[in-house]
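Shown next, in structure tokens, is the structure this report addresses.
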Amino acid sequence: MTTLSAQPRFLRSITVDRASKFVSTEFFSDINLYSKLYKKRSPDAVELSVYSVPDLKRIPFEKATKQSFQPTSTGTCYGPSWSTHWFKLKITVPEDWAGEPVELLWDSSSEAMIWSTDGIPRQGLTGDKGNDRRVEYTLLKEAKGGDVIYLWVEMACNGMFGTGKGGLINPPEDDRFFDLCLAEIAVPNPAAWQLFYDMQVITGMANELPNETARGQEALYALNQVIDTYDRDNLDASLKKCLQISQEFLSKKAAPDSHHVTAVGNCHIDTAWLWPYAETRRKTARSWSTQLRLMEDYPEYVFVCSQAQQLEWLSQDYPKLFREIKEASKKGQFQVIGSTWVEMDCNLPSGEALCRQFLYGQRYYEKNFGARCKIFWLPDTFGYSAQLPQIVKQAGAQYFFTQKLSWNNINKFPNTTFTWVGLDGTKILTHMAPCETYTAQADVGDMVRSIKNNHDLAFSNQSLLPYGNGDGGGGPQRAMLERLRRMKDVDGLPRCDMGSAEAFFESVEEKAKGLQEWKGELYFELHRGTYTSQAATKRYNRKLEFLLRDVEIATTLCMSLGRDYAYPKAELDLLWKDLLLNQFHDVLPGSAIEMANIDARAIYRDIETKGKRLLEECLSRLYQSKSLGDGSGDSFVAFNSLGWDRSEIVEIPAQPDYNLQQYSASKNTGYVRVDHGAFEYRDIADSKAETSRVQAISQGQELILDNDYIIAKFNQQGHLVSLYDKYERRELIPEGQAGNLLKLYEDVPLYWEAWDVEIYHLNTGKSAGPGKARIGEVGPLRATIIVEHKLTNHSTASQTIVLTAASRRLEFHMEADWHESRKLLKVEFTWDIISDFATYDSQFGVIQRPTTYNTSHDYAKFEVCGHKFADLSEHGYGVAILNDCKFGYSTHGNVMRLSLLRSPKAPDLNCDMGHHEFAFAVFPHKGTFHESNVVRQSYQFNVPLVIHPIAKNTLKEHKPMSYFEIDGAKNVILDTIKRAEDSDHLIIRLHEAFGGRAQFKLKSPLNVQSVVRCNILEDDGEPVAFDKSARASGWIVLHAFEILTLKLKVK
Ligand SMILES: [Zn+2]
């Protein structure tokens, strides 16, 4: 007789579900494998006392541990949000645990840090639920029994993503309390843990591998076998048998030519985001101390850490931990990476600010860790400037790593491993992690995605896996390292190794062939609202970049002219570092909580105060004068910090001896024409009278501004109804159209409020409430029209429209009182110009982008980032819209718009509410953009002449002169003049600004001894000829958009 013995066929979905319940922390967790991870537990062994720090202060260990502590126990809740509570732990290990390993389990439903009694951070903890939970700390590898151990725990009342009310990006909840629900010791069961990790990998394979593959089926079979074998009543013996089954399955090797994954541990710590900077300083200590513990147990493990600023904070707050990190870095396990000061936004900072990110970052790494970084590591930023390849290469790095374009919500970015070709043609080897995250979990899914999403397997059969929980998650977890060990060489998966990012890139460089190229900016098709959110932050950033520029130019001149002046290097370093800090990719873009924005503004105010003071002091020294005791003077000097001649109408306090051609309405100030050469200063008393005239007149229903260059006509609402160029005899406003239209759009994105303005907002534009225009000043130097706008029932704005006698630049100076919810204010101009491309100012160059919606790549750029201008030109003529602190442009056909204000409600509930000041200008010009002087005009609009009071006749002997001149090439901008980092040499940085060749001589009346080319890090390169008698260099040639740094020795 035959007995039927076959088991029933297993079903995929049921098996996978069964396996997940077998290791679940939620279902059947009283009897499943998860319930057997610890052999013994003892809550009573932990004796607790607490000190709650008042006033939400974060205090150092030394101070905290001197306070008086009160007994407490688990089950107590601590708060409110952002408060800190220090716990003293006395742990007594039970006698019968002798010989066992012992762990402390701590869950305060928040972030916390374990400190040793000698004040060294030992490990971070992340409580609550979810993947990021980290509650175990290894107390003893082997207990003696009866051991008594003392520890401190610093509990921070915030979750890893802050305290958002009912959701990740919601504004923080101020009064949240956190439950200390777990504080006990336990003895782990190593066999149960081993099986637990095995099951995670096998379940992953059953889930992710195609059903029709043998390996996928084998994984299902193994899962069933393990769970069938598991016997909770005969645990130890059954675990042994289970492990035999799982390990047999995992021992089957991958094919030799399998895809290779380099797994790099990392912890993406946003320098401020849903928490303030002060909390980041603690997050770094928690995260990195955690990683040091893992390195002790996993010698093959490599962790990378970016952002020099965070390391500098750590060295200040936790010097002992910093020393441990430096030791680990010598062993190669803790690797510094990234090259920059912080992981900055790459849309909004100036070209010089991008250079300084690398200058301060690389110098920090070189000084503290012995070498510069080879990789520009920037996984999370909202678009990548086309000048980055050149800047990265000039800053000593060779490779670029990111992944953010995987978030594009219109087009899929087509490359994974490729050559990125910058604006000037510089090439850089680039990799975008195909796992499509920088917080990968190092699970089977990540391995499968590394192949599935890899667009360049034909050219390079390897990928990088940046894994580890970010922010308060503390980086990689033990489970991730265990999974990686298991997945090292398994049939059905790519082979993988824990390794360094640098070795990965070197390997790609060696093995890849025929890599694809991507030319130009890496435009991010999401987060377009970050060009506009947090207007005050953006304004400060623009103004202070230029203030520091002025300070550096003035102080360098002062030093070079022998004024017995010590260049304020240390102070400038601090100001620059603070400015760079606020360019972090959630601060400057405007995607942080209000608390972080308040901190950022305080930093900006400090930079402004100190920067202005430095400038004042230095100018007084430069002019070798003292202002009259009260800080005023009876005459004025104007300083032109731009590299070309300019004429401006400036406003100065009225003086009895000055015969001003025009006084302001108050008569306290008046206007004067000033003509200055490049980097030149002169007494305003030397100014010529202005012979040109401007006037403001009312004619019928129209208000008119009229000078030698243009006639601008406005209707009663303040709309620009005609703009006529007198020289070219050309009207710019098409019949029936207008400019200076203020429009409101519904601005309701899909989720990321502060980040996103979505394509459909364009359908909702409506004119803001009507303006009311009147004439202000009438000339002859400056004429104005004032427009009062009632934008909505809640918000108002006023415009002062200015035309001076000296320029064709028509300026709109605006103030707004803004109280809206999810509305976007734009100003719109329609031009009589036909062009398929508009030209946008960018870092040290320009980018052309389509004005059409032909393809998905065209309309994905419905809102783009531009710096000081956007230009629309056709053959023979063009017009630019300049701005002094805005970045969001949209040009469609002949309609140009500039985004002025947004009103998102998360994560900062009060984003952009209140008073604003900003300005934009219209600059019509003959010729195309390339033939225009739009670039110079945009600088002039942003960099006013610096007016400084002095006592009269102080500059009697002074012969005004241009201290630097670019002779022979109008397309070269000399942007930066500073002292060299390590000597009294001068550094000047210039660039070709239009996209063509430049051939010029650098002239300077200073006593220049020699000139060398150098890079951004100021390493000496080739010498440049300099003729001392002619005070001019030999011919220097730049190619399109080339950035050139020169080092000058000046006697
Ligand atoms: Zn980030």
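Model, not experiment: these values are computed from the prediction. Start at 1 and go down the list; that is how both ligands and their atoms are numbered.
- The closest side-chain heavy-atom distance from Gln309 to Phe584 is not below 4.5 Å.
- In the model, His268 has no side-chain atom that pairs as donor or acceptor with a side-chain atom of Asn266 under 3.5 Å.
- In summary, Glu154 and Arg286 do not engage in a salt bridge, as defined by a charged side-chain N under 4.0 Å from a carboxylate O.
- Within the protein, the number of N, O or S atoms lying under 2.8 Å from the Zn ion (ligand 1) is 4.
- Partners of Ala535 by side-chain contact (heavy atoms from CB on, under 4.5 Å), not counting sequence neighbours, listed by chain and number: Lys886, Leu901, Asp912, His916.
- Scanning for side chain to side chain donor-acceptor pair (under 3.5 Å) contacts around Glu352 gives Arg356, Thr976, Arg989, with sequence neighbours left out.
- Here Lys577 pairs with Glu312 under the salt bridge (charged side-chain N to carboxylate O under 4.0 Å, His left out) rule; sequence neighbours left out.
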